[in-house]
Colleague: 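First, the structure itself, so that you have it in front of you.
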Number of protein chains: 2
Amino acid sequence: MSGISRFTPEQIATAKRHAKATPPDDLDPRIEALVNDLIGRVADKWTMLILEVLGEKGTLRFTRLGELVEGISQKMLTQTLRQMERDGLVARTVYPVVPPKVEYQLTPLGASLGAAFCGVWIWAAENLKQVERARVQFDEKAKTV
Amino acid sequence: MSGISRFTPEQIATAKRHAKATPPDDLDPRIEALVNDLIGRVADKWTMLILEVLGEKGTLRFTRLGELVEGISQKMLTQTLRQMERDGLVARTVYPVVPPKVEYQLTPLGASLGAAFCGVWIWAAENLKQVERARVQFDEKAKTV
DNA sequence: GCCGTTACTCTCTTTTTGGTGCGTATAACA
DNA sequence: TGTTATACGCACCAAAAAGAGAGTAACGGC
């Protein structure tokens with residue numbers, strides 16, 4: 001949550017402009033498949049969470065990052081970071097020292113994705129209570145029936 | 001993809017306003033945990049895809065929905081729809097006829113989430129090529145090393 | 001010469017996820 | 001009388017994801 005404000009107004013503005021410019025319907029089903037695929041990768045819990053803390057803190061070392069991403073295991077941290085690096089979302093800088101030192105930070109591409117996710121975080125924060133209420137209601141209904 | 005334009009300008013505008021109004025940092029760690037949790041639920045592949053087609057088509061019956069959500073199995077469709085219903089994202093209307101007829105549509109809450117995800121879809125469509133390029137580059141580098 | 005530090009990797013086990021196929025109710029229809 | 005249509009629930013199995021824990025390299029400090 002706290003990372004939201006880190007995304008520049010320009011980035012958000014860009015998103016808005018694009019939202020306006022998007023044509024009524026999308027064309028190529030091939031592309032749609034690819035986009036869905038990409039969405040599947042990127043809309044991953046850990047990816048989103050890492051994106052958030054890196055967006056907020058700027059540059060972090062491996063261990064610190066692991067501490068800040070609540071509940072992530074070392075394995076998942078490494079794995080997700082590799083994936084993100086491959087996709088061009090984070091930059092990994094290795095300092096050849098002992099003990100090892102590796103720094104991670106968002107690339108511009110990663111930052112832009114962070115900005116895009118901005119709205120989802122806001123939504124989650126805003127509608128948390130409503131979702132909770134809906135759940136309670138649903139569960140009660142299920143009981144009586 | 002194609003559902004983007006279905007979200008009203010007002011919904012998008014609301015998201016913008018909130019983006020602006022959000023305080024620099026978020027407060028309660030308890031709430032942050034809940035938000036992260038909610039993100040985990042909502043940032044699910046099938047949820048997003050269902051959200052998209054329902055956002056685009058409005059109201060759909062079970063079977064038709066299954067056809068439109070590329071690649072989903074019956075089981076996952078039922079499961080995801082139940083989850084979304086519980087969270088108050090979709091409304092389920094049962095017509096007591098034979099053969100059975102059940103309609104699904106987004107609630108206002110679901111529609112607002114769709115609007116929030118809008119930016120992510122746009123991002124994916126826009127940056128698809130860049131991600132692909134990054135991957136090729138990464139894989140080549142890995143080979144030579 | 002042993003310890004500590006850091007960023008991992010590797011292996012093993014457990015958990016979760018997802019697919020498949022079968023069953024069911026009921027009325028209209030042929 | 002038998003078939004079809006619809007929206008599932010259920011049981012079983014395979015595959016994938018994730019967690020736990022041990023191991024490693026390499027050097028500086030004690």
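Every value quoted in this text rests on a predicted model; they were computed, and no experiment measured them. Chain A is the first sequence line, chain B the second, and so forth, proteins listed ahead of strands; every chain is numbered from 1.
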Colleague: Whole-Å distance between D:dA25 P and A:Tyr95 OH?
Modeller: 25 Å

Colleague: Answer yes when B:Lys129 and B:Glu132 have at least one side-chain N-carboxylate O distance shorter than 4.0 Å, and no when they do not.
Modeller: no

Colleague: Please report, rounded to the nearest Å, how far the C1' atom of D:dA26 is from the NZ atom of A:Lys101.
Modeller: 17 Å

Colleague: Check whether any side-chain N or O of B:Thr63 sits under 4.0 Å from OP1 or OP2 of D:dT6, and answer yes or no.
Modeller: no

Colleague: Determine whether a donor-acceptor pair (N or O, by modelled atom type, separation under 3.5 Å) exists between the side chain of A:Asp44 and the backbone of A:Thr47.
Modeller: yes

Colleague: What is the distance from CG of A:Leu77 to P of D:dA20, rounded to the nearest Å?
Modeller: 14 Å

Colleague: So does A:Arg61 get a side-chain nitrogen or oxygen closer than 4.0 Å to the phosphate oxygens (OP1/OP2) of C:dA7?
Modeller: yes

Colleague: Please state how far atom NZ in B:Lys75 lies from atom P in D:dC10, giving the value in whole angstrom units.
Modeller: 12 Å

Colleague: Contact between B:Val102 and B:Tyr95 at the side-chain level, heavy atoms closer than 4.5 Å - yes or no?
Modeller: no

Colleague: Can you tell me which nucleotide in D:dT6, C:dA7, D:dG19 comes closest to the side chain of A:Met76?
Modeller: D:dG19

Colleague: State which of C:dA7, C:dA27, D:dC8 makes the closest approach to the side chain of B:Gln74.
Modeller: D:dC8

Colleague: Would you mind telling me which residue lines up with the more 5' stretch of DNA chain C, A:Val98 or A:Phe62, judged by nearest nucleotide?
Modeller: A:Val98

Colleague: Would you mind telling me which of B:Leu89, B:Leu65, B:Val69 makes a side-chain contact (heavy atoms from CB on, under 4.5 Å) with B:Leu54?
Modeller: B:Leu65

Colleague: Looking at every strand, decide which applies to B:Tyr104 at a 4.0 Å heavy-atom threshold: base, sugar-phosphate, or nothing.
Modeller: sugar-phosphate

Colleague: Could you give the CD-to-C1' distance, from B:Glu103 to D:dA7, as a whole number of Å?
Modeller: 13 Å

Colleague: Between C:dA7, D:dA18, C:dT6, which one does the side chain of A:Pro99 approach most closely?
Modeller: C:dT6

Colleague: May I ask you to decide if the ring planes of A:Phe117 and B:Phe117 are parallel, tilted or perpendicular, using 30° and 60° as cut-offs?
Modeller: perpendicular

Colleague: Given atom CD of A:Glu67 and atom C1' of C:dA7, what is their separation to the nearest angstrom?
Modeller: 13 Å

Colleague: Taking the side chain of A:Trp46 as its heavy atoms from C-beta onward, which of D:dA7, D:dA22, D:dG19 lies nearest to it?
Modeller: D:dG19

Colleague: Does A:Met84 reach the side chain of A:Ile50, with side-chain heavy atoms less than 4.5 Å apart?
Modeller: yes

Colleague: Tell me whether the OP1 or OP2 atom of C:dA7 has a side-chain N or O from A:Arg64 closer than 4.0 Å.
Modeller: no

Colleague: Can a side chain N or O of B:Thr78 be found less than 4.0 Å away from OP1 or OP2 on D:dC8?
Modeller: no

Colleague: Rounded to whole angstrom units, what separation is found between the CD1 atom of B:Ile72 and the P atom of D:dA7?
Modeller: 15 Å

Colleague: With DNA chain D as reference, determine whether B:Val102 or A:Ser73 sits nearer its 5' end, using the nearest nucleotide of each.
Modeller: B:Val102

Colleague: Could you check how far CD of B:Gln83 sits from C1' of C:dT17, rounded to whole Å?
Modeller: 13 Å

Colleague: Between D:dA26, D:dA20, D:dG9, which nucleotide has the shortest distance from any of its atoms to the side chain of B:Arg82?
Modeller: D:dG9

Colleague: Which residue, A:Pro100 or B:Pro100, contacts DNA chain D at a nucleotide closer to its 5' end, judged by nearest heavy atom?
Modeller: B:Pro100

